[in-house]
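Counting begins at 1 with the first residue of the sequence. Model, not experiment: these values are computed from the prediction.
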Amino acid sequence: MVRSSRLVLAILLGVCCQADSSARGDDAKAADTAAGGVSYYRDIRPILQEHCQGCHQPAKRGGEYVMTSFKELLKGGESEAPAIVPGDLEESYLLLLVTPDEEGHAEMPKEKPALPKASIEKITQWIKAGAKDDTPESARQKFDAAHPPVYQS
């Protein structure tokens, strides 16, 4: 009886997992396999949202650098150095700013602890792999004069 219950449970779990992966669609699958195992959408974007975008967003523009748009993220800010050069770790100024010195202090995030080592390693891997934007089409904001946001009340 116990053995057959486990078998039924295993079958149900397999069916549920299959249904979940099918429901996720091509956009999520693309994000899972992008950039040599490191995904901008899944791995890098959350790091930037947590540690960087509070100061580097259109409303604040710390250092004239906006990190909420992928295009602006690559471009950089007032230093005029490109923040991210896909495939080139030495020319990617962002990496220099977030990498701590021997004492463990990094220039960014400003007046806060340095990013965790694992986060810096992910950013490094992502840049080295070509710094691709694998944001699923369904997650991209498409606001412009012809397509303003729609608010629900």
Side-chain angles (χ1 to χ4, degrees), residues 13-14 16-153:
L13 185 59
C16 290
C17 290
Q18 181 67 30
D20 178 56
S21 66
S22 298
R24 290 177 58 210
D26 291 336
D27 288 342
K29 289 176 191 169
D32 286 346
T33 59
V38 178
S39 162
Y40 168 74
Y41 186 74
R42 183 191 66 228
D43 302 314
I44 305 304
R45 186 181 54 87
I47 295 168
L48 301 179
Q49 286 175 329
E50 180 180 352
H51 298 283
C52 309
Q53 290 179 359
C55 295
H56 299 285
Q57 51 149 307
K60 279 192 173 179
R61 294 186 166 275
E64 295 302 313
Y65 185 37
V66 174
M67 299 177 84
T68 56
S69 150
F70 188 80
K71 182 179 175 183
E72 297 290 321
L73 173 67
L74 297 179
K75 190 167 83 173
E78 68 186 8
S79 73
E80 297 184 10
I84 297 169
V85 178
D88 192 339
L89 299 176
E90 290 183 20
E91 291 297 317
S92 295
Y93 190 55
L94 174 72
L95 200 53
L96 176 71
L97 295 175
V98 300
T99 302
D101 59 19
E102 296 82 30
E103 297 172 3
H105 300 102
E107 199 166 331
M108 291 292 157
K110 198 169 196 164
E111 299 176 16
K112 292 189 178 178
L115 295 178
K117 187 176 181 178
S119 295
I120 296 170
E121 287 174 6
K122 281 184 182 180
I123 293 169
T124 301
Q125 290 172 359
W126 174 68
I127 292 171
K128 192 174 184 178
K132 292 183 175 46
D133 180 5
D134 63 346
T135 303
E137 195 60 37
S138 60
R140 295 180 190 267
Q141 291 183 347
K142 299 173 185 150
F143 302 133
D144 58 23
H147 305 94
V150 177
Y151 299 101
Q152 303 292 328
S153 60

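Nearest heavy-atom pair across Pro116 and His51 is CD-NE2, 4.2 Å. Here the closest non-hydrogen pair linking Pro86 and Gly130 is CB-O, 3.1 Å. Of all heavy-atom pairs between Lys60 and Cys55, the closest is CB-O, 3.4 Å. Of all heavy-atom pairs between Ile84 and Leu94, the closest is CD1-CD2, 3.9 Å. Shown here for Asp133 and Arg140, the closest heavy-atom pair between the two residues is OD2-NH1, 3.1 Å. Smallest separation of non-hydrogen atoms from Val98 and Ile120: O-CD1, 3.3 Å.
A side-chain donor-acceptor contact under 3.5 Å links Ser92 to the backbone of Val85. No donor-acceptor distance shorter than 3.5 angstrom exists from the side chain of Trp126 to the backbone of Ser39, with no hydrogens or angles considered. Side-chain atoms of Gln57 come within 3.5 Å of backbone atoms of Gly54 as a donor-acceptor pair (strictly under, hydrogens ignored).
Atom-to-atom distance recorded for Lys132:NZ and Ile44:CD1 is 13.5 Å, nearest 0.5 angstrom. From Thr124, atom OG1 reaches atom CG of Leu95 across 4.0 Å, with rounding to the nearest 0.5 Å. Distance check: Ile47 CD1 to Ile123 CD1 gives 5.0 Å after rounding to the nearest 0.5 Å. In this structure, CG in Leu89 is found 12.0 Å from CG in Leu96, a value given to the nearest 0.5 Å. The CE atom of Met67 sits 10.5 Å away from the CG atom of Leu74 when rounded to the nearest 0.5 Å.
Residues satisfying the side-chain contact (heavy atoms from CB on, under 4.5 Å) test with Gln49, not counting sequence neighbours, are Arg45, Gln53. Taking the side-chain hydrogen bond (donor to acceptor under 3.5 Å, both in side chains) definition, one finds that Asp43 meets it with nothing, sequence neighbours left out. Under the salt bridge (charged side-chain N to carboxylate O under 4.0 Å, His left out) criterion, Arg61 pairs with no residue, sequence neighbours left out. For Tyr93, there are no ring pair (Phe, Tyr, Trp, His ring centres under 6.0 Å) partners, not counting sequence neighbours. When the salt bridge (charged side-chain N to carboxylate O under 4.0 Å, His left out) test is applied to Lys75, the partners found at least two apart in sequence or on another chain are Glu72.
Sorted by first then second residue, the ring-ring contact (aromatic ring centres under 6.0 Å, His included) pairs that include residues 59-92, not counting sequence neighbours, are Tyr40-Phe70, His56-Tyr65.
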- Task: Kindly indicate, with the supporting measurements, whether the criterion side chain to side chain contact (heavy atoms under 4.5 Å, CB included) is fulfilled by Ile127 and Asp88.
- Result: CA-CA 7 Å; Ile127 292 171; Asp88 192 339; 6.0 Å; no
